[in-house]
Peer 1: 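One structure is given below, represented as structure tokens, and several questions about it will come after.
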Amino acid sequence: MLQYLKTKEEREEFINKYDNFLFDCDGVLWEGNNMFEGVAESMKLLREKGKHVCFVTNNSTKSRASYLKKFEGLGIKAELGEIFSSAFATATYLKNVLKFPTDKKVYIIGMQGIKEELALEGIKSCGAEEDSGLFDNDLIPDDPEVGAVIVGLDTQVNYRKYAKGFAYLTRNPGCYFLLTNEDSTFPQHGSFYPGAGAIAAPLITALNRRPDAVLGKPALNMLEAILAEYKIDPKKTVMIGDRLNTDIEFGLKGGIDTLCVLTGVATKEELLSDDNKTKKNEQSKWKEAFSLYDKKGNSTVSSANLGDLLRGLGQNPTEAEVRELIKETAKSKSIPESQEFDIDFGTFLSILTRPDGFKPAGSSQEFIQGFQVFDKEGDGYISAGELRYVLTNLGEKLTNEELDELLKEVEIGKDGRINYIDFVTVVLSN
């Protein structure tokens with residue numbers, strides 16, 4: 001439900017409601033090197049009230065250390081551990097999720113921030129600023145050491161970088177294709193310019209291939225890292241951003257509240273409009289899923305199907321939680337709790353949008369650790385039965401058909417065992 005904060009009292013109530021404030025940077029705190037009026041005072045107020053502050057940015061041009069210097073230069077208190085960038089997320093994803101081999105290196109279409117974060121994780125890289133300049137049309141030599149190509153925002157992008165990235169992705173077997181983020185535009189100098197998504201588009205078109213993973217918002221890898229690092233309560237956390245399809249979608253997908261400011265991409269008219277695509281797409285998806293369980297054709301679903309419907313829409317309730325939701329709904333309708341009953345769409349929406357309804361499911365590390373218990377040979381493969389057992393215990397209940405569909409994109413060994421790291425990548429990207 002959208003609420004426009006108009007008065008001082010409403011804003012104070014908003015601040016008092018949360019313990020943890022996650023801020024986007026570009027378009028929220030500053031534009032370029034110009035900090036917005038009131039930002040420093042707001043940050044100081046939150047700190048004085050004992051609030052926990054994090055900075056979550058899709059901009060990969062700077063490392064966290066460079067961002068820290070920028071914060072200091074603008075007079076904003078920050079610590080390195082409070083900064084979560086898409087460059088940092090990409091580096092940790094390579095190291096901790098993909099277990100990127102130490103004898104391989106990464107080719108970068110991007111800038112220094114990615115290079116610095118990779119180095120901090122002990123990952124070798126090439127490209128980036130060293131390949132700036134005009135393309136000389138020479139042959140691109142083979143480089144079998146390149147095991148991944150990363151694309152981020154690159155203000156010096158050129159044909160040489162595209163040609164090299166394309167060559168490695170088509171010539172090197174198993175070469176990963178990663179995007180730091182997929183923002184279509186980037187706010188700068190009072191206007192908007194092409195973002196990382198636009199930079200990646202020519203390569204996606206040439207390859208006729210989607211990236212293996214997109215690491216920035218609205219993907220939840222950074223939220224998982226923040227929740228794990230600080231052990232914070234999602235119910236007491238809010239994401240503050242300026243872009244609906246990244247910042248706000250990030251919060252919605254992660255089950256945390258959101259605040260959209262009007263200093264960047266989104267306008268007040270767009271946000272409050274019935275044509276708000278983020279709101280419209282979400283509600284359309286809910287309605288469509290609801291209709292699939294409408295067995296009687298009377299715009300209701302049976303209480304017996306409530307748990308499956310909630311899980312189908314990305315929630316992760318336990319069976320005990322589902323029983324309690326059914327019990328509470330039955331009580332509100334004066335229906336005996338042991339009796340199966342029909343739930344209309346309005347009632348379902350109130351259940352779906354309950355506080356803490358969209359709790360994040362298992363993180364990538366939780367999935368992988370769960371699978372590793374069954375990896376007796378230590379080769380990164382487990383059986384389909386073992387994979388299904390772990391998913392069920394983490395709340396991901398898939399039908400045989402759904403599992404088969406996901407496995408189409410996953411490496412399966414000659415003995416029928418499944419590469420579970422590939423599987424986690426596929427599941428979380430979907």
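Predicted, not measured: the structure shown is a model, and the values here were computed from it.
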Peer 1: So, for Y162 and P202, which heavy atoms are closest and what is the spacing to 0.1 Å?
Peer 2: OH-CG, 3.6 Å
Peer 1: Output the distance between atom CG (L153) and atom CD1 (I114), rounded to the nearest 0.5 Å.
Peer 2: 8.5 Å
Peer 1: Step by step, work out the salt bridge (charged side-chain N to carboxylate O under 4.0 Å, His left out) result for E249 and K217.
Peer 2: CA-CA 8 Å; E249 184 70 15; K217 296 169 291 184; over 6 Å; no
Peer 1: How long is the gap from OG1 on T92 to CD on E224, to the nearest 0.5 Å?
Peer 2: 10.0 Å
Peer 1: Under a 4.0 Å N-O cut-off, is there an ion pair linking E48 with K44?
Peer 2: yes
Peer 1: What distance separates F345 CZ from I343 CD1, expressed to the nearest 0.5 Å?
Peer 2: 12.5 Å
Peer 1: Would you confirm whether D242, through its side chain, and V28, through its main-chain N or O, come within 3.5 Å as a donor-acceptor pair?
Peer 2: no
Peer 1: The test is side-chain contact (heavy atoms from CB on, under 4.5 Å); show your working for L22 and I240 and say whether it passes.
Peer 2: CA-CA 6 Å; L22 313 184; I240 301 172; over 6 Å; no
Peer 1: Side chains of L306 and V301: closer than 4.5 Å at any heavy-atom pair?
Peer 2: no
Peer 1: Using the side-chain hydrogen bond (donor to acceptor under 3.5 Å, both in side chains) rule, take T347 and D344 through it: C-alpha gap first, then chi angles, then the decisive distance, then the call.
Peer 2: CA-CA 5 Å; T347 302; D344 61 68; 3.1 Å; yes
Peer 1: If you round to the nearest 0.5 Å, how far is CD1 of I76 from CG of L68?
Peer 2: 11.5 Å
Peer 1: Among T90, I199, T180, which residue satisfies the side-chain contact (heavy atoms from CB on, under 4.5 Å) criterion with V151?
Peer 2: I199
Peer 1: Could you tell me whether a side-chain N or O of K105 sits under 3.5 Å from a main-chain N or O of A148, the two making a donor and an acceptor?
Peer 2: no
Peer 1: Does any non-hydrogen side-chain atom of I108 lie less than 4.5 Å from one of V149?
Peer 2: no
Peer 1: Please tell me if the side chains of Y193 and T155 come closer than 4.5 Å, counting only heavy atoms from C-beta onward.
Peer 2: no
Peer 1: Give the minimum heavy-atom separation between V39 and M35, together with the two atoms involved.
Peer 2: CB-CG, 3.8 Å
Peer 1: Going through the checks in order, is the side-chain contact (heavy atoms from CB on, under 4.5 Å) test met by L29 and F23?
Peer 2: CA-CA 8 Å; L29 304 181; F23 286 92; 4.0 Å; yes
Peer 1: Do F177 and L207 touch side chain to side chain, with heavy atoms closer than 4.5 Å?
Peer 2: yes
Peer 1: State the CZ-OG distance between R323 and S303, to the nearest 0.5 angstrom.
Peer 2: 13.0 Å
Peer 1: Does the gap between the ring centers of H52 and F21 come in under 6.0 Å?
Peer 2: no
Peer 1: When D342 is tested against each of K295, K296, K333 for side-chain contact (heavy atoms from CB on, under 4.5 Å), which residue passes?
Peer 2: K296
Peer 1: Using only atom types and a distance under 3.5 Å, with no angle test, would you say the side chain of S125 pairs donor to acceptor with the backbone of V106?
Peer 2: no
Peer 1: For G127, is there any backbone N or O sitting under 3.5 Å from a side-chain donor or acceptor partner on D131?
Peer 2: no
Peer 1: Against R64, only a single residue in E79, E117, E82 fulfils side chain to side chain donor-acceptor pair (under 3.5 Å); can you say which?
Peer 2: E117
Peer 1: Keeping the roles fixed (side chain from S86, backbone from N58), state whether a donor-acceptor pair exists under 3.5 Å.
Peer 2: yes
Peer 1: Under 4.5 Å between any side-chain heavy atoms of I418 and S383, yes or no?
Peer 2: no
Peer 1: Apply the test salt bridge (charged side-chain N to carboxylate O under 4.0 Å, His left out) to residues D24 and R243: give CA-CA distance (whole Å), side-chain angles for both, the deciding distance (0.1 Å), then the verdict.
Peer 2: CA-CA 9 Å; D24 179 44; R243 188 186 288 265; over 6 Å; no
Peer 1: Checking side-chain contact (heavy atoms from CB on, under 4.5 Å) for the pair K115/E130: CA distance, chi angles, key distance, verdict?
Peer 2: CA-CA 11 Å; K115 200 175 189 72; E130 68 190 50; 3.7 Å; yes
Peer 1: Around atom CG of N33, are there more than 12 heavy atoms from other residues, nucleotides or ligands closer than 6.0 Å?
Peer 2: no
Peer 1: In plain terms, say whether R210 and E182 are close enough for a salt bridge, that is, a side-chain N and a carboxylate O under 4.0 Å apart.
Peer 2: yes
Peer 1: For residues T102 and K124, report the shortest heavy-atom separation together with the two atoms involved.
Peer 2: O-CE, 3.5 Å
Peer 1: If you define the side chain from C-beta out and look only at heavy atoms, does anything of M239 sit under 4.5 Å from D247?
Peer 2: yes
Peer 1: If only atom types and distance count, is the side chain of D183 paired as donor or acceptor with the main-chain N or O of T185 below 3.5 Å?
Peer 2: no
Peer 1: Main chain of G110, side chain of D154: is a donor-acceptor contact present, judged purely on distance under 3.5 Å?
Peer 2: yes
Peer 1: Does a side chain donor of either T300 or N298 reach within less than 3.5 Å of an acceptor in the other side chain?
Peer 2: yes
Peer 1: Side-chain contact test, heavy atoms from C-beta onward, threshold under 4.5 Å: evaluate it for M111 versus S63 and give yes or no.
Peer 2: no
Peer 1: Considering non-hydrogen atoms only, spot the tightest contact between S85 and N59 and give its length.
Peer 2: CB-O, 4.2 Å
Peer 1: For a quick test of reading the model, state the closest non-hydrogen atom pair linking G165 to Y107 and the distance between them.
Peer 2: N-CE2, 3.9 Å
Peer 1: Do I15 and K49 pass the side-chain contact (heavy atoms from CB on, under 4.5 Å) test, and can you show the C-alpha distance, the side-chain angles, and the key distance before you say yes or no?
Peer 2: CA-CA 9 Å; I15 291 174; K49 285 180 171 286; 3.8 Å; yes
Peer 1: Looking only at non-hydrogen atoms, find the nearest pair between C25 and F55 and report the distance.
Peer 2: SG-CB, 4.0 Å
Peer 1: Indicate whether any N or O donor in one side chain lies under 3.5 Å from an N or O acceptor in the other, for E340 and S302.
Peer 2: yes
Peer 1: Testing the 3.5 Å rule here: is there a donor-acceptor pair between the side chains of Y18 and D257?
Peer 2: yes
Peer 1: Any donor-acceptor pair under 3.5 Å linking the side-chain atoms of Y230 with those of N20?
Peer 2: no
Peer 1: For atom CD of E37, is the number of surrounding heavy atoms from other residues, nucleotides or ligands below 6.0 Å larger than 12?
Peer 2: no
Peer 1: Between F290 and F348 (judged by ring centroids, cut-off 6.0 Å), do the two rings come close enough to count as a pair?
Peer 2: yes
Peer 1: Can you tell me if D212 uses its side chain to pair, donor with acceptor, with the backbone of L178 under 3.5 Å?
Peer 2: no
Peer 1: From F14 CZ over to L259 CG, what is the distance, rounded to the nearest 0.5 angstrom?
Peer 2: 4.0 Å
Peer 1: Take the angle between the ring planes of F100 and Y176 and call it parallel below 30°, perpendicular above 60°, tilted in between.
Peer 2: tilted
Peer 1: Do the side chain of E10 and the main chain of T7 share a donor and acceptor less than 3.5 angstrom apart?
Peer 2: yes
Peer 1: Is there a side-chain contact between L215 and M222 in this structure, where contact means two heavy atoms from C-beta onward sitting under 4.5 Å apart?
Peer 2: no
